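Quick notes on the structure that follows.
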Amino acid sequence: MFAAFTMLIFIHFCALITPGPDFFLVSQTAISRSRKEAVAVVLGITVGVMFWSLLALLGLNILFEKMAWLKHILLICGGLYLCWLGVQMLGSAFSKKPLTINTDLQLSKSTASCFMKGMLTNLSNPKAVIYFGSVFSLFLTNPVLEHLHAALFVTISVETLLWFLFVTFVFSLPACKAAYQRSVKWIDGISGGIFTLFGAFLITNK
């Protein structure tokens, strides 16, 4: 039982550290905006992971087996959102307007916006759809873990939160911010390109 539990935690950690939309969004927010806004993104992503975990516990893989078209629609919707996010970043990269500093009121509104952006990015993340709909769900069918579902739900949620808070801390360090200021257009352009290409791949890949 302990071995199976530990293995699932390890697999989830491997899924977390593999670069994807969640990682790029957290790092880009931490390095280009404030740590507070990046933490809001992290909280949004964590809520998204909690949602997917709950669906997996309720039998997400069975639903996808009986309604394969639903998984396809989710991936397309996710691709559209990632494309939209990427275009926003590309627009910022090619914009000639100088960076402005938010007021406290603007920062408050931006924090709420960052939370929603983090949650929507995770919910539309194809990695999350595939991972929770297959690998994670298959582990849950292990009878050894039958009585540990609540513990798994909490552990996976906390693991996600701690990892992305670590990413936030690293990318919000002064040295990272200074490097960002020197190459802001390139970083935003590359991030936007990655999001757009990833989204386009999901929409066109059948």
Side-chain angles (χ1 to χ4, degrees), residues 9 12-53 78-79 81-129 131 155-199:
I9 292 175
H12 185 67
F13 178 71
C14 291
L16 285 174
I17 64 177
T18 303
D22 292 344
F23 176 84
F24 285 117
L25 181 62
V26 172
S27 58
Q28 199 267 351
T29 305
I31 202 172
S32 65
R33 302 176 73 87
S34 70
R35 183 174 290 179
K36 181 178 179 181
E37 289 169 297
V39 169
V41 170
V42 171
L43 292 176
I45 290 173
T46 304
V47 170
V49 168
M50 293 171 69
F51 174 78
W52 284 120
S53 299
Y81 178 74
L82 293 178
C83 282
W84 177 82
L85 211 56
V87 169
Q88 295 290 106
M89 292 181 182
L90 288 172
S92 174
F94 289 105
S95 174
K96 296 182 179 181
K97 295 181 180 179
L99 296 176
T100 57
I101 299 176
N102 291 326
T103 64
D104 291 339
L105 180 59
Q106 289 174 323
L107 185 59
S108 177
K109 290 181 178 179
S110 182
T111 301
S113 174
C114 285
F115 174 84
M116 291 302 300
K117 184 181 291 186
M119 184 173 66
L120 291 174
T121 297
N122 181 264
L123 292 178
S124 64
N125 186 352
K127 278 180 56 183
V129 177
Y131 170 69
T155 303
I156 293 301
S157 301
V158 172
E159 187 178 6
T160 301
L161 178 65
L162 292 178
W163 165 250
F164 283 117
L165 285 178
F166 172 74
V167 173
T168 295
F169 173 78
V170 171
F171 281 89
S172 62
L173 291 173
C176 290
K177 285 187 171 290
Y180 174 79
Q181 292 295 333
R182 293 193 297 268
S183 53
V184 55
K185 300 294 184 181
W186 283 100
I187 293 175
D188 283 356
I190 292 173
S191 297
I194 291 173
F195 271 70
T196 304
L197 289 174
F198 204 1

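The structure presented is a predicted model; accordingly, all values stated were derived computationally and were not measured.
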So do the side chains of [X] and [Y] get within less than 4.5 Å of each other, counting heavy atoms only?
X	Y	value
Leu123	Trp52	yes
Val47	Phe115	yes
Thr160	Leu16	yes
Val41	Glu37	no

With rounding to the nearest 0.5 Å, note down the distance linking [atom1] in [X] to [atom2] in [Y].
X	Y	atom1	atom2	result
Ile45	Leu161	CD1	CG	10.5 Å
Ser110	Arg33	OG	CZ	3.5 Å
Phe24	Thr121	CZ	OG1	13.0 Å

Self-check item: side chain to side chain contact (heavy atoms under 4.5 Å, CB included) partners of Ala38, counting only residues at least two apart
Solution: Thr29, Ala30, Thr168
Quiz item: Which atom pair, heavy atoms only, marks the closest approach of Gly118 to Leu25?
Solution: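 Heavy atoms only, the tightest pair is CA-CD2, 3.9 Å.
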Quiz prompt | Which atom of Ser157 lies closest to which atom of Thr46, heavy atoms considered | solution =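 Result for this residue pair: O-CG2, 3.7 Å.
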Quiz item: Between Phe23 and Phe171, what is the ring plane arrangement, given parallel below 30°, perpendicular above 60°, and tilted in between?
Solution: perpendicular
